[in-house]
Structures are given as C-alpha cells and as structure tokens.
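Everything below concerns the one structure shown next.
Computed over heavy atoms, backbone and side chain alike; hydrogens, waters and symmetry mates excluded.
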Amino acid sequence: MNIRMDASRDAKGLVRDYVHNTLKRNIMELKLEPGRFISEKEVVEMLQVSRAPIREAFVKLSQEELIETIPQKGSFISLIDLALVEESRFVRETMERAIIRQACEMLNAEQVMQLHNLISLQELCVEGNNYERLFELDEEFHKTIIVGCGKYRTWNLLQQLSTHYNRIRFLRLAVNYDWQIILSEHQAITRAIREKNPDEAEKAMGEHLGRVSFEKEELRLKYPSFFK
C-alpha cells in the first residue's frame with residue numbers, strides 16, 4: 001500500500017483536518033482500496049498522530065459514506081455503491097447540462113482561454129501517463145465552468161454528492177481507458193461555449209457525463225471486490 005501523504009499539516013495545528021483530508025484523498029484515489037479493513041492503530045502508525053483526531057476523522061468519513069463501521073468487526077473502506085454512483089451521475093448531469101447553457105452566455109474570453117489551457121495541461125498528462133493529475137484537471141475543468149457561472153455553492157454540493165461517483169471515475173482513469181476521448185469531449189464543450197451554441201454545449205456535456213453509465217458495468221466485472 002502506497003499512501004499519499006499531504007505535504008504538511010495546517011499551520012494552526014488542525015490535526016483532525018489533516019487526518020481527514022489525508023485519508024479521504026487516499027480513499028478517493030483507491031490507495032485505500034474499497035472493502036479494506038482500517039484501524040485506528042494503523043492510522044496512528046501511518047500518520048504519527050494521536051487517536052483522538054483519528055476517531056473524529058473516522059466519524060466524518062462515515063458521514064461521507066467512505067468508511068463503514070461494523071459492530072464486533074471494525075471499520076472498513078466502503079465499497080463503491082453503484083446505486084449512489086448513478087444517483088450522483090444523474091444529479092450532476094442534470095445540473096451541469098443546465099449550467100453549460102448559461103456558460104455559453106456568461107463565460108468571457110479569458111475564462112474560455114482558461115478552459116483551453118486546462119485541456120493543454122490534460123494533454124501533457126496523457127503524454128506522461130499521469131492519471132492522478134488528469135483527474136484533478138478534469139475536476140478543475142468542470143469547476144471552472146460552474147464557478148464561472150457564479151455557482152460556487154452548486155459546485156460544493158456536487159462534491160458532497162460525488163464521493164462514490166468520483167471513485168469510479170478515478171478507477172476508470174487508473175485502468176487506462178482511452179483518455180483521448182475525455183480530451184475530445186472537453187474540446188467539444190469548450191468549442192460550443194466559445195461559439196455560444198447552448199444546444200451543442202448541452203449535447204456535448206450530456207455525452208461526456210453519461211459515459212460512466214456505459215463503463216461502470218465493465219469496471220464492476222473487472223474489479224468485483226471493489227463494488228457493493
């Protein structure tokens with residue numbers, strides 16, 4: 001197991017947030033695999049912190065449906081729940097298809113250029129086989145559109161709903177599906193925004209976000225132990 005450590009703890013000594021953020025990142029990136037047993041003792045040794053912030057982090061991760069505690073057995077990394085994946089995908093597609101229409105009118109030339117720059121960085125990730133950074137840039141692409149339309153709280157809401165959805169997205173990148181498809185879809189979305197074509201933008205966004213529906217069954221068959 002190769003745990004990804006945060007660079008540093010919060011300057012104010014908020015160890016609880018450090019523990020939570022480090023564990024969550026490793027769960028989302030599947031370094032802590034679905035179904036895996038995890039104990040307070042293990043995290044003490046892993047992060048060199050006391051048990052109190054670990055207990056608090058476990059509670060928060062349970063609320064986020066990323067850790068499941070079973071009486072008499074202990075705590076486990078939650079399996080990916082395909083029902084929650086589908087619900088998250090539905091909410092995200094519904095909201096982003098509406099927002100992308102607004103983006104065609106609201107995003108300025110500088111913001112469109114930022115989308116082009118993100119795609120260029122994604123191309124470098126494809127060339128360098130860096131799927132972790134590619135995932136981060138994919139998120140940044142969608143965030144730029146949503147926040148650019150003045151909907152920062154909508155972005156935060158989507159993040160809260162997308163823990164299981166994002167894990168399957170990360171798994172999809174990790175097993176090296178055709179990343180070029182993602183880039184071409186981002187290019188189509190950006191082109192439609194630049195040309196102020198809301199119908200084409202909505203169509204491109206729908207196809208982009210709907211792709212998980214076609215791939216999740218193949219992932220479930222390939223990694224059956226990861227899924228509920």
Identify the heavy atoms of Leu79 and Pro34 that sit nearest to each other, and give their distance.
-> CD2-C, 3.8 Å
Evaluate the side-chain proximity of Leu84 to Lys228: yes if any heavy-atom separation is below 4.5 Å, no if none is.
-> no
Ion pair Glu40/Arg55, N-O distance below 4.0 Å = yes
Mark yes or no for whether Ser184, through its side chain, and Ile181, through its backbone, hold a donor-acceptor pair below 3.5 Å.
-> yes
Can Met205 be reached from Leu183 by stepping across I, L, V, M, F, W or Y side chains whose heavy atoms are under 4.5 Å apart?
-> yes
So, Arg101 and Glu96, do they make that salt bridge, N to O below 4.0 Å?
-> no
Please walk me through it: do Gln180 and Glu123 pass side chain to side chain contact (heavy atoms under 4.5 Å, CB included)?
-> CA-CA 8 Å; Gln180 196 61 47; Glu123 290 172 345; 5.5 Å; no
Got Leu158 and Tyr165 here, is their nearest side-chain heavy-atom distance under 4.5 Å?
-> no
Is there a side-chain contact between Ile38 and Leu23, using heavy atoms and a 4.5 Å cut-off?
-> yes
Got a donor-acceptor contact below 3.5 angstrom from the Glu65 side chain to the Ser62 backbone?
-> no
Please lay out, stage by stage, how Ile168 and Phe226 fare under the test side chain to side chain contact (heavy atoms under 4.5 Å, CB included).
-> CA-CA 10 Å; Ile168 203 170; Phe226 282 10; over 6 Å; no
Nearest heavy-atom approach of Leu32 to Ile77 is O-CG2, 3.8 Å
Rounded distance [0.5 Å steps], CZ in Arg172 versus CH2 in Trp179 = 11.5 Å
Between Arg133 and Glu140, is the closest basic N to carboxylate O distance under 4.0 Å?
-> no
Exceeds 12 heavy-atom contacts within 6.0 angstrom, atom NZ of Lys151 = yes
Around atom CD of Glu87, are there more than 12 heavy atoms of other residues, nucleotides or ligands at under 6.0 Å?
-> no
Other residues, nucleotides, ligands: >12 heavy atoms within 6.0 Å of Phe170 CZ = yes
For Leu137 against Gln122, the heavy-atom pair lying closest together = O-NE2, 3.3 Å
Side-chain (Asp138) to main-chain (Leu134) donor-acceptor, under 3.5 angstrom | no
Would you say the side chains of Ser162 and Ser88 form a donor-acceptor pair under 3.5 Å?
-> no
Report the relative orientation of the aromatic rings in His208 and His186; use parallel for angles under 30°, tilted for 30 to 60°, perpendicular for over 60°.
-> perpendicular
Might you point out which heavy atoms bring Phe227 and Leu219 nearest each other, and give the distance in Å?
-> CE1-O, 3.6 Å
Is there a donor-acceptor contact under 3.5 Å from the side chain of Gln111 to the main chain of Asn108?
-> yes
Say you draw a straight line from OG of Ser120 to CG of Leu115; how long is it, rounded to the nearest 0.5 Å?
-> 11.0 Å
Among the clusters formed by ILVMFWY side chains lying less than 4.5 Å apart, do Ile119 and Ile182 turn up in the same one?
-> yes
Is any side-chain heavy atom of Ser39 closer than 4.5 Å to a side-chain heavy atom of Phe37?
-> yes
At what distance, to the nearest 0.5 angstrom, does NZ of Lys203 lie from CD1 of Ile100?
-> 15.0 Å
Quick one: CD on Glu207 to CD on Glu93, what's the gap to the nearest 0.5 Å?
-> 10.0 Å
Indicate whether any N or O donor in one side chain lies under 3.5 Å from an N or O acceptor in the other, for Asn166 and Arg169.
-> yes
Asn130 and Glu132, any side-chain heavy atoms less than 4.5 Å apart | yes
Check whether any side-chain heavy atom of Glu86 lies under 4.5 Å from a side-chain heavy atom of Leu82, and answer yes or no.
-> no
How far apart are the closest heavy atoms of Ile189 and Ala204, and which atoms are they?
-> CG1-CB, 3.8 Å
Arg92 with Glu139: basic N within carboxylate O range, under 4.0 Å | yes
d(Phe58 CZ, Gln63 CD) to nearest 0.5 Å is 14.0 Å
Tell me whether Val126 is reachable from Phe141 by hopping between hydrophobic residues (I, L, V, M, F, W, Y) whose side-chain heavy atoms are closer than 4.5 Å.
-> yes
Met113 versus Asn117: any side-chain heavy-atom pair under 4.5 Å?
-> yes
State plainly whether one hydrophobic cluster holds both Met46 and Met28, where clusters connect Ile, Leu, Val, Met, Phe, Trp and Tyr through side-chain heavy atoms under 4.5 angstrom apart.
-> yes
Residue pair Leu66 / Lys24: nearest heavy atoms and the distance that separates them = CD1-CG, 3.9 Å
Report yes or no: do Leu157 and Phe90 belong to one cluster of Ile/Leu/Val/Met/Phe/Trp/Tyr joined by side chain heavy-atom distances under 4.5 Å?
-> yes
Do the side-chain N and O atoms of Glu64 and Gln160 include a donor-acceptor pair separated by under 3.5 angstrom?
-> no
Do Ile27 and Ile67 have side-chain heavy atoms sitting under 4.5 Å apart?
-> yes
Under the side chain to side chain contact (heavy atoms under 4.5 Å, CB included) rule, what do Lys143 and Tyr152 come out as? Steps first, then yes or no, please.
-> CA-CA 8 Å; Lys143 181 180 180 180; Tyr152 186 79; 4.3 Å; yes
Would you give the length of the straight line joining atom SG of Cys149 to atom CD of Glu105, rounded to the nearest 0.5 angstrom?
-> 10.0 Å
Salt-bridge present (Glu29, Arg25; N to O < 4.0 Å) | yes
After noting the C-alpha distance and the side-chain angles of Cys125 and Tyr131, does the key distance pass the side chain to side chain contact (heavy atoms under 4.5 Å, CB included) rule?
-> CA-CA 7 Å; Cys125 290; Tyr131 64 87; over 6 Å; no
